[in-house]
Enquirer: 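Attaching a single structure in structure tokens format; questions to follow.
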Amino acid sequence: LYSNITRELISYAPDIVHIHNILPSFELLRICKICKEYNIKTVISTHGFYECFNPSFKYNFLEKYIWKIVVTNPVKKSILLIDSFMSLYPLEAKLLKKKKVPIKKIHLVPNGVNSFYEDKPKINEINNVISKFKIDINKPILFFTGNHTSNKGLDTIKKICQSINIKVNIIIGGRLKDKNEPNIFSQGVYNKNVKIIFTDFLKLVDQRSLYYLSSLLLFPSKSDTLPLTIIEAMACGLPVIAFDIGGINFLLKDECGYLIRSNDEDGYIQKII
């Protein structure tokens, strides 16, 4: 929750500071206050703003109250000190205006994509991934990658594992919370059709190979902004199925995949099976 950034800001005395993420929120507020005090201009990307002001619908009353105290309130204070905002998609401008941000401070600057993903992986890179994760290449591959947090939809992935009636590999990328996570996840999944593969942290070269190997990217996030994962998958020609939350409906068109009405988990699963 703390860093050396504020101390280094004073010693380096830059003309401008760009902030990419609002978290940790109290550190964001400290940085904004220091910049204001030393007349350093600040610009922030709206990465995480949707989640900040729309906590997970699964949170109970106490969790939402804690979220408000430790995330939303510090961010609200911070945005009053920031000089310029890089809005990732058009509707975020409305969100910012509701928070009393002057329109002249808001600029539409959506995410781009790393050109690395536009280059096809080499044969040895693909073979390495197949071998490393013991993938059955005779079966379709459904690929999920992301943080293993409650808002990213791993509960939906588990229901897919339980429900799907064709033989598939379901690959779950992203850093494991602990070594027992795969075992805990697999409890209650009795489906001989499904081979569940946890990769743990993925290097870019392995992630790209999985994008090219897969049949579909599963992105059942319940709270998101303008996800790089979807842009990367599309750059690799991989269709995506996602909920229409945040800026995702600005990313996906019919030829790129499927948009499912937010929180329609049954509709999401039916689209796959």
Side-chain angles (χ1 to χ4, degrees), residues 56 58 117 121 124-224 227-234 236-243 245 248 252 257-260 262-273:
S56 173
K58 290 191 173 183
Y117 292 102
N124 67 302
E125 293 170 350
I126 289 177
N127 288 337
N128 181 55
V129 161
I130 292 169
S131 173
K132 183 191 295 187
F133 300 120
K134 299 179 174 59
I135 300 169
D136 185 347
I137 58 172
N138 296 311
K139 299 175 184 176
I141 298 168
L142 307 182
F143 182 35
F144 165 91
T145 183
N147 294 327
H148 294 191
T149 50
S150 60
N151 65 310
K152 294 298 181 181
L154 274 175
D155 53 341
T156 303
I157 301 295
K158 186 167 187 175
K159 289 180 182 177
I160 294 167
C161 293
Q162 294 167 328
S163 308
I164 201 160
N165 54 12
I166 59 171
K167 293 185 182 298
V168 294
N169 301 278
I170 294 184
I171 298 180
I172 300 174
R175 193 181 298 278
L176 295 176
K177 290 188 288 188
D178 58 63
K179 291 182 179 179
N180 290 324
E181 186 182 357
N183 293 329
I184 294 170
F185 181 91
S186 299
Q187 288 174 5
V189 179
Y190 306 108
N191 191 340
K192 294 180 180 178
N193 292 319
V194 178
K195 182 176 183 180
I196 303 172
I197 302 168
F198 278 82
T199 68
D200 206 353
F201 175 79
L202 281 169
K203 296 178 181 178
L204 289 187
V205 67
D206 291 342
Q207 186 160 308
R208 180 177 65 180
S209 293
L210 286 169
Y211 284 142
Y212 275 91
L213 276 170
S214 298
S215 304
L216 187 65
L217 178 75
L218 305 177
F219 198 88
S221 179
K222 311 295 197 311
S223 178
D224 231 301
L228 283 172
T229 301
I230 289 180
I231 302 173
E232 292 163 359
M234 291 193 296
C236 296
L238 178 63
V240 179
I241 179 167
F243 290 118
I245 49 92
I248 293 176
L252 280 182
Y258 302 106
L259 265 179
I260 308 299
S262 60
N263 301 330
D264 182 9
E265 199 168 59
D266 291 338
Y268 190 101
I269 295 169
Q270 284 300 317
K271 202 68 176 177
I272 298 170
I273 63 176

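All values below come from the heavy atoms of this structure, side chains included, with hydrogens, waters and symmetry mates left out. Here, residue 1 is the first one in the sequence, and each next residue gets the next number.
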Enquirer: When rounded to the nearest 0.5 angstrom, what distance separates CZ in Phe133 from CG in Leu202?
Expert: 5.0 Å
Enquirer: Lys152 side chain to Asp224 main-chain N or O, any donor-acceptor pair under 3.5 Å?
Expert: no
Enquirer: Say whether, by atom type as modelled, one donor and one acceptor occur between the side chain of Asn169 and the main chain of Lys139 under 3.5 angstrom.
Expert: yes
Enquirer: Under a 4.5 Å cut-off applied to non-hydrogen side-chain atoms, are Ile171 and Ile135 in contact?
Expert: yes
Enquirer: Nearest 0.5 angstrom please: Ile241 CD1 to Leu218 CG, how far?
Expert: 7.5 Å
Enquirer: Measuring from Ile166:CD1 to Ile272:CD1, what's the distance to the nearest 0.5 Å?
Expert: 9.5 Å
Enquirer: Tell me whether Lys195 contacts the main-chain N or O of Lys134 through its side chain, where contact means a donor paired with an acceptor under 3.5 Å.
Expert: yes
Enquirer: Rounded to the nearest 0.5 Å, what's the gap from CD on Glu125 to CG on Asn127? Could you check?
Expert: 10.5 Å
Enquirer: Does a donor on one side chain and an acceptor on the other come within less than 3.5 Å for Thr156 and Glu265?
Expert: yes
Enquirer: Just wondering, are more than 12 heavy atoms of other shown residues or ligands nearer than 6.0 Å to OH in Tyr212?
Expert: yes
Enquirer: Going by ring pair (Phe, Tyr, Trp, His ring centres under 6.0 Å), name the residues that satisfy it together with Tyr268, two or more places apart in sequence or in a different chain.
Expert: Phe243
Enquirer: With rounding to the nearest 0.5 angstrom, report the CG to CD distance, Asn193 to Gln162.
Expert: 13.0 Å
Enquirer: Is a side-chain donor or acceptor of Asn191 paired with a backbone partner of Ile164 at a separation under 3.5 angstrom?
Expert: yes
Enquirer: For Pro182, does its backbone N or O pair with a side-chain atom of Ser186 as donor and acceptor, under 3.5 Å?
Expert: yes
Enquirer: Please confirm whether the backbone N or O of Leu216 pairs with a side-chain atom of Ser214, one donor and one acceptor, at under 3.5 Å?
Expert: no
Enquirer: Asp266: what forms a salt bridge (charged side-chain N to carboxylate O under 4.0 Å, His left out) with it, not counting sequence neighbours?
Expert: none
Enquirer: What ring-ring contact (aromatic ring centres under 6.0 Å, His included) pairs are there with at least one residue in residues 167-210, not counting sequence neighbours?
Expert: Phe185-Phe198
Enquirer: Taking only Lys NZ, Arg NE, NH1 and NH2, and the carboxylate oxygens of Asp or Glu, determine whether Asp206 and Lys132 approach each other closer than 4.0 Å.
Expert: yes
Enquirer: Roughly how far, to the nearest 0.5 Å, is CG of Leu176 from NE2 of His148?
Expert: 6.0 Å
